[in-house]
Amino acid sequence: MNIPGSGGMFFHQVSAILELQKIFSVNEDTDLSASEYFVVCLYRVLLRDFNDIPDTGEAEWIRFGFCYCTTRSQRELLAHHYIQLASHASLNQIAEAWKSDELLELMATKDIDTSSLLSHGIYPRRPSPETIGIYRLMSEVTHILNGCAICPCNSFSCQFHSKEEPSLCLESEIDYGFHETNTWERWQLLNFYSSLFKNPKFHPRELQKARRDPDTKVFEAYIESLVPGFRRALINEHLTDAMFPKFARMEFKGEHPFCNCAIHSMVVSEGTNLGPIGYFRQMRDERNREQT
Ligand SMILES: [Zn+2]
Ligand SMILES: [Zn+2]
Ligand SMILES: [Zn+2]
């Protein structure tokens, strides 16, 4: 069996898989390459009758550029481009173009107009290691707060995680104030970011730009502009250190890490669709493919 999640039990999932088999002429015995597998995962979501747009915390959100979208209608626009592409290109063509970061070019050769995507800063691709940081943090926060204790983002073996903070990439830990926090502070920060990311005025790229500004006050000023008085809301005189939150006191240095730990589907994202055994099998499958 090679089509991911083909053991799904809900009608909208099963019908999406049937549709997928028809569009790409694949079946359960088709041997998929790693990138074909990821593309199939994408269309397995897009072809559903509802719940058909990848969301923060789902692997496709980062892998296929939905993280660049700041509104629901932008995500729908990107999804529409992928759906259009599927009727003009084969699974292998899409997979190869995705792998080599050439989906925009492929769309152009198939006469699909991408100007509306570009004008919104949306790219059908996975962000580069230099720009992925903020999207990775958004994904990590979603995963941690969803409490998926059994999922692979709690990775003690990843070289880009510290021993103190196995659920966050070191870049997130240091750049966004998690380093050397106590348990209560960490929990405060996670919830704070989670609500910040839902703020209608929040823009990932602006936050990241503010974070990387040499003037360390810019970062806090950006947050303050979205959540006036945020420091007072975060602090608790009994539970937090006097210096908390230590935003912008440290900066991640060195090459941007290639950490994929939070880029995978969550066990809770579809309720009980796979069951633990199916879920573990899919996770193991995804991990093996990430490494190829
Ligand atoms: Zn998780
Ligand atoms: Zn996870
Ligand atoms: Zn990692």
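All ligand and atom numbering here is 1-based and tracks the order in the structure.
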List the steps and the verdict of side chain to side chain contact (heavy atoms under 4.5 Å, CB included) for L47 and D52. CA-CA 7 Å; L47 294 170; D52 54 352; over 6 Å; no
Backbone or side chain, does H264 get an N/O/S atom under 2.8 Å to the Zn ion (ligand 2)? yes
In short, Q208 meets I134 closest at the heavy-atom pair OE1-N, 2.8 Å
Could you tell me how the ring of Y43 sits relative to the ring of F24: parallel (under 30°), tilted (30 to 60°) or perpendicular (over 60°)? perpendicular
Given Y68, W98, Y135, F66, the one that forms ring pair (Phe, Tyr, Trp, His ring centres under 6.0 Å) with Y123: Y68
In H143, which N, O or S atom comes closest to the Zn ion (ligand 2)? ND1
Can you tell me the angle formed at the Zn ion (ligand 3) by SG of C259 and SG of C158, to 10°? 130°
Does C169 bring an N, O or S atom to within less than 2.8 Å of the Zn ion (ligand 3)? no
Angle at the Zn ion (ligand 3) (to 10°), with one arm to SG of C261 and the other to NE2 of H161: 90°
Pi-cation contact, F258 with R126 (under 6.0 Å, within 45°): yes
